[in-house]
Amino acid sequence: MPMRNQYPRGCLQTALFLFLASPAAADKSQDVLRALGSGFGKASTTSIVITGILLIGALAGLTIWEISRAGNRKRERQAVGWRYFSELAQRRGLTAGESDVLKRIVEAGGLTSADMIFESAHLYEDALWAYLEKISSKLEKEPLHYVQLRGLRLKLGYARLPPEVPLTGSRQFDAGMSIKIVLPGGDEESAVQGSILDVNEKNWAVGFEDKGLIEKASPGSLLGVSLIRSGDGEYRANVAIQGFKVSEGVVYVEHTRKLERKQLRNWVRVDVNIPCRVTVIRMHAEFDDSDLPVRGEVLEGRLIDLSGGGACARFPSPLPKGCQLSLNFDLPGTSLRGIRSQVMRFTVSNRGGRDHFEHNLKFESLETAAQEKVVRYVFEKQRVDSQLKGPVPES
């Protein structure tokens, strides 16, 4: 139950005290009493002042009593919150050590009721960051504390949030998410594809498909990262590099709470693995490279994500920005043919020693009926993925 604010009454009482205590108020009171024809108008100034002092004392006592009662109610609510905290901690299977750490997180976050920590991923995240900042000097000496915090996150159910819950920090990222990376000194046009390999409470790891790119990075420099979370939105951030393993193509980066979120209002995008085929309709005249596909050439590839407005497709050959394509692919129970699409951009990845080219395609001539089929498929797959807590393999 929220505590009623006692301060307006206290302010009114204070104003009344000051008014009654002033000599001018005493004189005014006599005038009022005389005007009423009361015998009190004959009272002395001393007796009125004494009466005022007694009133002030009585009202002051009432105010102190109200404040004390409000404090008692607050302490009672806090005690109830801690009792619920203990019950919920037991239900979640927290050990004594984990419960103790969670209590310290609650206290660092300044939560008004301890049991609220079990109800909101955002409240937990706020409190956790405050806690880590408070004990930052001790963390380097106790690296296993990060492991304990990760186990705590898993038991609380805050490690893998559903799409309807927006993210507030990089500790809420999931391993396996695709991510675009802008290296130091680069721009969005030079972004490369990567993936999140691991997320723990100390840092998170990003894998580059081109290991040579890591040579352009150095500890302390900033990476620009962008990821699209299916059913939610696009998240962007600048993160500092902690270290890397060139041989494994891994970069370790610091956590951040400075996430810029852009909600996906038009189309929900989901990861897929669907065979597709494109026919090149038109190439820009400026592209006369003999290594590029020519008009009428057919390429086999795979869709790696899909929405009602476009897709990302992987092909063995690059298709330059602005290239016009006719796209064919199948969904369960339907075949989609001749979807006119435009290449918006492409990135290069290396898999198994071979270069693959991932193209962002925009649908330009998808009929309404076909678009509805795509959207239904996307939302159904999103629902299934959310239930299974992971991507659904395509047949």
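Predicted model, so just to flag it, every value in this text is computed and none were measured.
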Legend entry - Worked verdict on L161 versus R229 for side chain to side chain contact (heavy atoms under 4.5 Å, CB included): CA-CA 11 Å; L161 301 177; R229 187 170 177 241; 3.7 Å; yes
Legend entry - Evaluation steps, side chain to side chain contact (heavy atoms under 4.5 Å, CB included), between D330 and L336: CA-CA 6 Å; D330 294 331; L336 299 170; over 6 Å; no
Legend entry - Steps toward side chain to side chain contact (heavy atoms under 4.5 Å, CB included) verdict (H255, V199): CA-CA 9 Å; H255 282 296; V199 181; 4.0 Å; yes
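The heavy-atom pair separating N200 from N203 by the smallest distance is OD1-N, 2.8 Å. G338 and N328 get closest at one heavy-atom pair: N-OD1, 2.6 Å. Contact detail for S326 and I281: the closest heavy-atom pair is N-CD1, 3.6 Å. Among all heavy-atom pairs drawn from V343 and L319, the shortest one is CG1-O, 3.5 Å. Heavy-atom minimum distance, A108 versus A130: O-CB, 3.7 Å. The two residues S195 and I179 come nearest to each other via the heavy atoms N-CG2, 3.6 Å.
Listed for the K381 side chain is a donor-acceptor partner under 3.5 Å among the backbone atoms of D271. For the pair S221 (side chain) and S218 (backbone), a donor-acceptor distance under 3.5 Å is present. Side-chain N or O atoms of T256 include none that pairs as donor or acceptor with a backbone N or O of V239 at under 3.5 Å. Checked by atom type and distance alone, the side chain of W204 never pairs as donor or acceptor with a backbone atom of Y252 at under 3.5 Å. A donor-acceptor contact shorter than 3.5 Å links the side chain of Q371 to the backbone of G308.
Between F315 and C276 there is a side-chain heavy-atom pair separated by less than 4.5 Å. Residues P275 and E300 are not in side-chain contact: their nearest non-hydrogen atoms beyond the backbone lie 4.5 Å or more apart. Side-chain contact between L94 and L152 is present, with at least one heavy-atom pair separated by less than 4.5 Å. Annotation: side chain of E380 is not in contact with side chain of V375 (no heavy-atom distance under 4.5 Å). Using a 4.5 Å cut-off on side-chain heavy atoms (C-beta onward), F118 and L102 make contact. A 4.5 Å side-chain heavy-atom check between N273 and R302 finds at least one atom pair inside the cut-off.
Few gaps surround CZ on F357; more than 12 heavy atoms of other groups in view lie less than 6.0 Å from it.
Once rounded to the nearest 0.5 Å, the distance linking CZ of R345 with NZ of K321 reads 8.5 Å. Atom CD of Q193 sits about 5.0 Å away from atom OG1 of T347, to the nearest 0.5 Å. Put simply, CG on L167 and CZ on F173 are 6.5 Å apart, with the number rounded to the nearest 0.5 Å.
Counting only residues at least two apart or on different chains, the side-chain hydrogen bond (donor to acceptor under 3.5 Å, both in side chains) pairs with a member in residues 107-122 are S113-D115.
In summary, of the residues considered (R171, R153, R257), a side chain to side chain donor-acceptor pair (under 3.5 Å) with E125 occurs for R153 alone. Each of R150, R92, R104, K155 was compared with E98 under the salt bridge (Lys or Arg N to Asp or Glu O under 4.0 Å) criterion, and only K155 meets it.
Neither I181 nor I304 shares a network with the other; the hydrophobic side chains, linked directly or stepwise wherever heavy atoms of I, L, V, M, F, W or Y lie under 4.5 Å apart, form separate groups for each.
Its side chain outside the 4.5 Å cluster rule for every partner, L154 clusters with none of the Ile, Leu, Val, Met, Phe, Trp and Tyr residues.
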